[in-house]
Amino acid sequence: MAYADDVFIKMCTDILENGQDTRGEKVRPHWEDGTAAYTVKKFGVVNRYDLKKEFPILTLRKTAIKSATDEILWIWQRKSNNIHDLNSHIWDEWADETGSIGKAYGYQMSVKHQYKEGMFDQVDRVLYDLKNNPYSRRIMTNIYNHQDLNEMHLYPCAYSMTFNCTKNNETGKLVLNAVLNQRSNDVLAANNWNVVQYAVLMHMMAQVSDMEVGELVHMIADAHIYDRHIPMIRELISREPYPAPEFRLNPEIKNFYDFTPDDVSLIGYQAGEQIKNIPIAI
């Protein structure tokens with residue numbers, strides 16, 4: 001069994017058996033038909049993935065790694081807030097007539113800030129510190145900007161990354177670790193999608209910083225399963241998982257801004273049947 005499957009099955013089982021049901025409560029999300037979208041939820045879920053040992057992608061069903069990579073590069077590399085710069089339709093629901101999602105996600109990454117060392121946006125500041133101040137405890141990003149929330153078409157769900165470097169005493173190389181903070185996570189639609197995205201990002205950041213990749217800690221304030229997703233989740237976690245695949249990243253790329261989704265691949269990836277027509281709460 002892949003480690004990511006084990007984590008996912010245990011998390012879903014805990015939510016279903018021990019979570020709080022919000023039916024009857026005042027909730028913001030709703031389905032397309034206007035019905036309130038209730039959830040079973042757990043507060044403060046923390047999952048750890050050692051990326052040195054295994055790439056954390058589900059085998060219970062397929063996670064489209066190239067599409068996930070394209071979206072994370074849309075935010076972190078292209079720093080875009082326009083769906084016309086994205087090769088999928090996952091953000092169409094929140095885009096206006098120009099394709100913009102407002103001052104959200106990539107927009108926040110593109111804003112430059114004045115530091116002692118000069119002007120940087122958040123991504124370039126991380127890249128600078130990983131090369132120049134790797135033991136800093138201030139290597140982080142945060143796109144939950146209260147000043148701009150009223151101009152975001154969707155508030156950021158995965159909103160903060162904190163990077164922290166340790167050392168591999170056997171090789172002498174620095175090891176890149178990170179904490180991903182997420183205020184809200186739709187477990188069926190987005191949990192492994194987000195884990196895969198930020199695992200890929202860590203591999204990229206480590207490679208261009210001449211580091212080894214280490215632990216990804218995923219902290220979720222509100223991990224939830226929507227009412228209409230419960231039968232799908234029950235069927236999904238009853239499946240027989242496969243072994244984890246091998247992750248490959250093009251070793252020739254030394255500049256973060258040169259990566260493309262084609263530089264990412266999986267060797268030996270087997271996965272169960274995809275779940276189609278998952279309803280998405282809005």
Side-chain angles (χ1 to χ4, degrees), residues 1-49 56-61 63 68 71 90-91 93-94 104-105 142-146 149-150 152-162 178-199 215-239 241 272 274-282:
M1 178 188 296
Y3 178 76
D5 292 318
D6 185 50
V7 169
F8 187 82
I9 291 168
K10 289 177 179 176
M11 173 180 62
C12 291
T13 301
D14 185 34
I15 293 171
L16 291 173
E17 293 182 355
N18 303 305
Q20 178 189 349
D21 194 324
T22 66
R23 281 178 294 185
E25 304 292 344
K26 181 181 179 180
V27 296
R28 180 198 56 80
H30 58 277
W31 302 109
E32 285 189 2
D33 61 10
T35 306
Y38 297 115
T39 63
V40 180
K41 57 175 278 186
K42 285 281 288 188
F43 165 72
V45 171
V46 181
N47 296 323
R48 304 181 78 104
Y49 305 91
I57 192 166
L58 283 186
T59 72
L60 297 170
R61 66 165 173 148
T63 297
E71 189 196 19
I90 55 179
W91 280 94
E93 184 71 37
W94 293 277
Y105 285 90
N142 189 341
I143 60 175
Y144 204 90
N145 183 350
H146 287 261
L149 288 179
N150 67 325
M152 297 182 188
H153 299 177
L154 179 68
Y155 290 5
C157 295
Y159 66 89
S160 173
M161 277 286 274
T162 303
V179 177
L180 169 63
N181 276 295
Q182 192 152 3
R183 64 170 180 85
S184 172
N185 189 230
D186 177 342
V187 167
L188 178 62
N191 179 265
N192 193 242
W193 179 269
N194 292 139
V195 171
V196 165
Q197 287 182 313
Y198 284 89
E215 273 196 294
L216 170 62
V217 179
H218 189 193
M219 302 183 67
I220 310 169
D222 190 308
H224 50 266
I225 299 172
Y226 280 103
D227 49 7
R228 296 186 183 181
H229 294 175
I230 290 175
M232 299 177 185
I233 284 284
R234 290 193 187 280
E235 188 278 326
L236 180 62
I237 63 176
S238 71
R239 295 179 179 182
Q274 188 57 271
I275 299 176
K276 298 179 181 179
N277 302 317
I278 297 174
I280 302 298
I282 52 179

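Values reported hereafter were calculated over all heavy atoms of this structure, with side chains retained and with hydrogens, waters and symmetry mates removed.
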Ile282 backbone acceptor or donor facing His30 side chain under 3.5 Å = yes
Looking only at heavy atoms, the pair that brings Ala104 and Leu154 closest together is CB-O, 3.9 Å
Measure from the side-chain N and O atoms of Arg183 to the backbone N and O of Pro156, and report whether any donor-acceptor pair falls under 3.5 Å.
-> yes
Taking every heavy atom of Ile143 against every heavy atom of Met152, the minimum-distance pair comes out as O-CE, 3.7 Å
Taking side chain as C-beta onward, heavy atoms only, is His153 less than 4.5 Å from Trp91?
-> no
Could you list the residues that satisfy salt bridge (charged side-chain N to carboxylate O under 4.0 Å, His left out) with Glu215, not counting sequence neighbours?
-> Arg48
Would you check, one step at a time, whether the test side-chain contact (heavy atoms from CB on, under 4.5 Å) holds for Phe43 with Gln20?
-> CA-CA 9 Å; Phe43 165 72; Gln20 178 189 349; over 6 Å; no
Before accepting this row, confirm whether a basic side-chain N of the pair Lys10/Asp14 lies closer than 4.0 Å to the acidic partner's carboxylate O.
-> no
Side chain to side chain donor-acceptor pair (under 3.5 Å) with Glu17: which residues, sequence neighbours excluded?
-> none
With the side chain counted from C-beta on, respond yes when Leu188 and Ile225 share a heavy-atom pair under 4.5 Å apart, and no when they do not.
-> no
Donor-acceptor under 3.5 Å (Asn185 side chain, Ile220 main chain) = no
Among Ile237, Val40, Leu236, the one residue meeting side chain to side chain contact (heavy atoms under 4.5 Å, CB included) with Cys12 | Ile237
So, for Phe8 and Asn191, which heavy atoms are closest and what is the spacing to 0.1 Å?
-> CD1-OD1, 3.8 Å
Indicate yes or no for a side-chain donor-acceptor contact from Arg23 to the backbone of Asp227 under 3.5 Å, with no hydrogens or angles considered.
-> no
Looking only at heavy atoms, which two atoms of Pro241 and Leu60 are closest? And how far apart?
-> CB-CD2, 3.9 Å
Within a strict 4.5 Å, meaning less than it, do heavy atoms of the Trp193 and Ile90 side chains meet?
-> yes
Taking all heavy atoms of Val196 and all of Pro56, pick out the closest pair and write down the distance.
-> CG2-O, 3.7 Å
Look at atom CG of Asp33 and say whether more than 12 heavy atoms of other residues, nucleotides or ligands are closer to it than 6.0 Å.
-> yes
Distance col, row Ile275:CD1 vs Arg239:CZ, nearest 0.5 angstrom, shows 5.0 Å
With sequence neighbours left out, write down each residue that passes side chain to side chain donor-acceptor pair (under 3.5 Å) with Trp94, or none if nothing qualifies.
-> none
Enter the distance from Asp21:CG to Tyr38:OH here, rounded to the nearest 0.5 Å.
-> 10.0 Å
Is it true that a side-chain atom of His229 and a backbone atom of Pro279 form a donor plus acceptor pair closer than 3.5 Å?
-> yes
Distance, nearest 0.5 Å, that separates CG of Asp6 from CG of Leu58 = 11.5 Å
Between the NE2 atom in His218 and the CG atom in Leu180, the distance rounded to the nearest 0.5 Å is 4.5 Å
When you look at Leu16 and Thr13, which way does the side-chain contact (heavy atoms from CB on, under 4.5 Å) test go after all the steps?
-> CA-CA 5 Å; Leu16 291 173; Thr13 301; 5.9 Å; no
Indicate yes or no for a side-chain donor-acceptor contact from Thr22 to the backbone of Thr39 under 3.5 Å, with no hydrogens or angles considered.
-> yes
Point-to-point distance, once rounded to the nearest 0.5 Å, from CD of Gln182 to CG of Asn47 = 11.0 Å
Would you sort out whether Val187 and Tyr226 count as a side-chain contact (heavy atoms from CB on, under 4.5 Å), showing the intermediate values?
-> CA-CA 8 Å; Val187 167; Tyr226 280 103; over 6 Å; no
Looking only at non-hydrogen atoms, find the nearest pair between Cys157 and Tyr105 and report the distance.
-> N-OH, 2.8 Å
Assess whether side-chain contact (heavy atoms from CB on, under 4.5 Å) is satisfied between Met161 and Val179, documenting all intermediate values.
-> CA-CA 6 Å; Met161 277 286 274; Val179 177; over 6 Å; no
Just wondering, more than 12 heavy atoms not from Glu235 lying within 6.0 Å of its CD?
-> yes
